[in-house]
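Taking it in order: structure first as structure tokens, then the write-up.
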Amino acid sequence: MDLSRHLRYFIITAEELHFGRAAEIIGIAQPPLSQSIQRLERELGVTLFDRSRRQAELTTAGRLLLDEARDLLAREQRLRTLMRKAADGALGTLRAGVPPETPAVSLQALSRRLGEEVPELEVDLQELTTAEQLRLLASGHLDVGLVHHPVEAADLRFGPAVDVPLGVVLPRTSPLARLREVEFGDLAGHGLILAPRATAPGWHDHVLEVCRKHGFAPSVLRHARNPEFLLGLVLGGHGVAFEQESMARREPRVAWRPLADRPLLRSVSAAWPADTAHPAAARFASIAADVLAADHAPPPPAAPVMSRPWSVVYTASR
């Protein structure tokens with residue numbers, strides 16, 4: 001029995017107290033409406049209308065049912081709306097991973113955009129390396145994550161990728177800090193500070209391969225997971241690092257210089273399980289890509305300064 005439909009028919013009939021007018025409002029013939037009311041009465045074991053008079057009137061049971069039916073249908077509508085939002089990814093909790101080096105301004109912008117576009121969705125942001133995210137995505141303990149490519153995982157879907165240009169992080173006192181841009185040949189004799197391979201194997205191997213192709217063989221390879229530890233190693237003279245410019249802004253005693261020809265681009269995108277995708281995963285991926293792209297967009301060219309001819313104003317003296 002379609003209880004909701006029968007209750008809707010009952011409410012309209014109870015408000016009109018006329019089967020013919022109620023049938024016109026509903027858009028059906030009067031006999032099917034009468035049959036619906038009768039079936040509802042049999043189901044509930046009561047008489048809802050007093051049909052002995054010229055105009056139908058509600059019985060005591062009918063009057064009691066009218067308020068309950070309105071409340072029940074209103075709650076049903078709220079339930080359907082709630083489930084639709086959940087299916088669209090606008091409700092519930094989204095467990096999202098972000099890399100440790102994600103700038104604070106990017107996290108702030110990401111949180112703000114998510115709050116504006118899906119205000120009822122609780123986003124649990126977790127600081128995780130690419131390898132940790134892939135492991136948690138596979139085990140079902142993470143819904144979506146921002147990972148560093150290349151990543152080989154056939155069971156994942158990926159959102160739009162954003163390429164982040166990397167430069168050289170070095171002590172501000174280094175002679176290389178005087179250059180406008182650094183070439184790999186300038187780094188001869190320097191050590192390299194890089195995240196451990198276990199944190200992002202594909203990216204780790206890619207960086208070393210780019211170094212090899214451009215003739216840079218680090219004198220020593222040191223590992224740093226935490227951005228603050230990486231900056232400390234740079235300041236201590238243990239090597240240089242390839243990072244985004246925002247990383248260097250955390251420490252005034254280091255400098256950031258772009259690499260000539262931009263040979264190192266860190267590609268970042270959201271990833272989520274293909275078979276058990278969270279309804280909000282794709283939306284998170286799109287928002288995250290917009291935020292990262294905006295953060296790393298080149299600044300607009302400065303407006304030209306328009307020269308103004310000198311003018312002399314003479315004031316007559318009295």
Assess the residue pair F284 and V118 against the criterion (side-chain contact (heavy atoms from CB on, under 4.5 Å)); give the C-alpha distance rounded to whole Å, side-chain angles, the decisive distance to 0.1 Å, and a yes or no.
CA-CA 10 Å; F284 175 90; V118 278; over 6 Å; no

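- Under a cut-off of 6.0 angstrom, the local environment of CD in E181 is crowded, with over 12 non-hydrogen atoms contributed by other residues, nucleotides or ligands.
- Side-chain contact check for L187 versus L176: some heavy-atom pair is nearer than 4.5 Å.
- The CD1 atom of I287 lies 4.5 Å from the CG atom of L114; values are rounded to the nearest 0.5 Å.
- How far CD of E57 is from CZ of R63: 8.5 Å, rounded to the nearest 0.5 Å.
- For F158 and H149, the gap between ring centers is short of 6.0 Å.
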Dump the intermediate steps for side-chain contact (heavy atoms from CB on, under 4.5 Å) on I193 and H223, then the final yes or no.
CA-CA 6 Å; I193 303 165; H223 293 132; over 6 Å; no

L65/L7 under side-chain contact (heavy atoms from CB on, under 4.5 Å): CA gap, chis, key distance, verdict:
CA-CA 9 Å; L65 178 62; L7 287 176; 4.3 Å; yes

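- Here T60 contributes atom OG1 and L48 contributes atom CG; the two are 11.0 Å apart, rounded to the nearest 0.5 Å.
- The closest side-chain heavy-atom distance from T129 to P100 is below 4.5 Å.
- Environment of CD in E152: sparse, with no more than 12 heavy atoms of neighbouring residues, nucleotides or ligands closer than 6.0 Å.
- Looking at heavy atoms from C-beta onward, L73 lies out of side-chain contact with Q77 at the 4.5 angstrom threshold.
- Of all non-hydrogen atoms in A285 and G159, the two that sit nearest each other are CB-CA, 4.0 Å.
- Tested against R95 for a side-chain contact (heavy atoms from CB on, under 4.5 Å), the candidates D143, L137, L125 yield a single pass: D143.
- Within the model, atoms OG1 of T13 and NE2 of H6 stand 12.0 Å from one another, a figure rounded to the nearest 0.5 Å.
- One N or O on the side chain of S111 and one on the backbone of L107 form a donor-acceptor pair closer than 3.5 Å.
- Between L166 and Q244 the shortest side-chain heavy-atom distance falls below 4.5 Å.
- Counting heavy atoms of neighbouring residues, nucleotides and ligands inside a 6.0 Å radius, atom CG of D71 exceeds 12 of them.
- Minimum interatomic distance between E116 and P119 (heavy atoms only, all atoms of both residues): O-CD, 3.9 Å.
- In this structure, the side chains of H204 and T199 stay at 4.5 Å or more apart for every pair of heavy atoms.
- By the 30° and 60° cut-offs, the orientation of the rings of H206 relative to W203 is tilted.
- Taking 4.5 Å as the limit, some side-chain heavy atom of I26 sits within range of a side-chain heavy atom of L33.
- Of all non-hydrogen atoms in F19 and A56, the two that sit nearest each other are CE1-CB, 3.9 Å.
- Heavy-atom neighbours of R172 CZ from other residues, nucleotides or ligands within 6.0 Å: above the threshold of 12.
- Side-chain atoms of L66 and F10, non-hydrogen and from C-beta on, do get closer than 4.5 Å to each other.
- The minimum heavy-atom distance linking C211 with F184 is given by the pair SG-CE2, 3.9 Å.
- Salt bridge E209/R212: present, at least one basic N to carboxylate O contact under 4.0 Å.
- Placement of L170 and F229 in two distinct hydrophobic clusters is found when ILVMFWY residues are connected by side-chain heavy-atom separations under 4.5 Å, directly or transitively.
- The same ILVMFWY cluster, assembled from side-chain heavy atoms under 4.5 Å apart, contains both V46 and L3.
- No hydrogens or angles considered: nothing links the side chains of S246 and R249 as a donor-acceptor pair under 3.5 Å.
- Put simply, CG on L156 and CG on L134 are 6.5 Å apart, with the number rounded to the nearest 0.5 Å.
- Within a 6.0 Å sphere centred on CZ of R51, other residues, nucleotides and ligands contribute more than 12 heavy atoms.
- Connection of I25 to F49 is established within a shared hydrophobic cluster, with ILVMFWY side chains joined at heavy-atom distances below 4.5 Å, either directly or through further cluster members.
- Judged purely by distance below 3.5 Å, without hydrogens or angles, the side chains of H141 and Q126 never pair a donor atom with an acceptor atom.
- When every heavy atom of A200 is checked against every heavy atom of A131, the shortest pair comes out as N-CB, 4.5 Å.
- One finds the CG atom of L208 at 9.5 Å from the CZ atom of F216 (value rounded to the nearest 0.5 Å).
- Hydrophobic clustering of Ile, Leu, Val, Met, Phe, Trp and Tyr side chains at less than 4.5 Å, counting indirect connections, unites V240 with L194.
- Evaluation of the side chain to side chain donor-acceptor pair (under 3.5 Å) rule for R8 yields no partner, not counting sequence neighbours.
- Under the salt bridge (charged side-chain N to carboxylate O under 4.0 Å, His left out) criterion, R5 pairs with D2, not counting sequence neighbours.
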Determine, step by step, whether L231 and V169 satisfy the side-chain contact (heavy atoms from CB on, under 4.5 Å) criterion, reporting the C-alpha distance in whole Å, the side-chain angles of both residues, the deciding distance to 0.1 Å, and the verdict.
CA-CA 8 Å; L231 292 172; V169 180; 4.1 Å; yes

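- Side-chain atoms of R257 come within 3.5 Å of backbone atoms of L179 as a donor-acceptor pair (strictly under, hydrogens ignored).
- Minimum heavy-atom separation, A281 to L94: N-CD1, 4.5 Å.
- The hydrophobic cluster containing L235 does not contain V182, counting ILVMFWY residues as joined when their side-chain heavy atoms lie under 4.5 angstrom apart, directly or transitively.
- Looking at E243 and R250, no side-chain N of the basic residue comes within less than 4.0 Å of a carboxylate O on the acidic one, giving no salt bridge.
- At least one side-chain heavy atom of F242 sits less than 4.5 Å from a side-chain heavy atom of L192.
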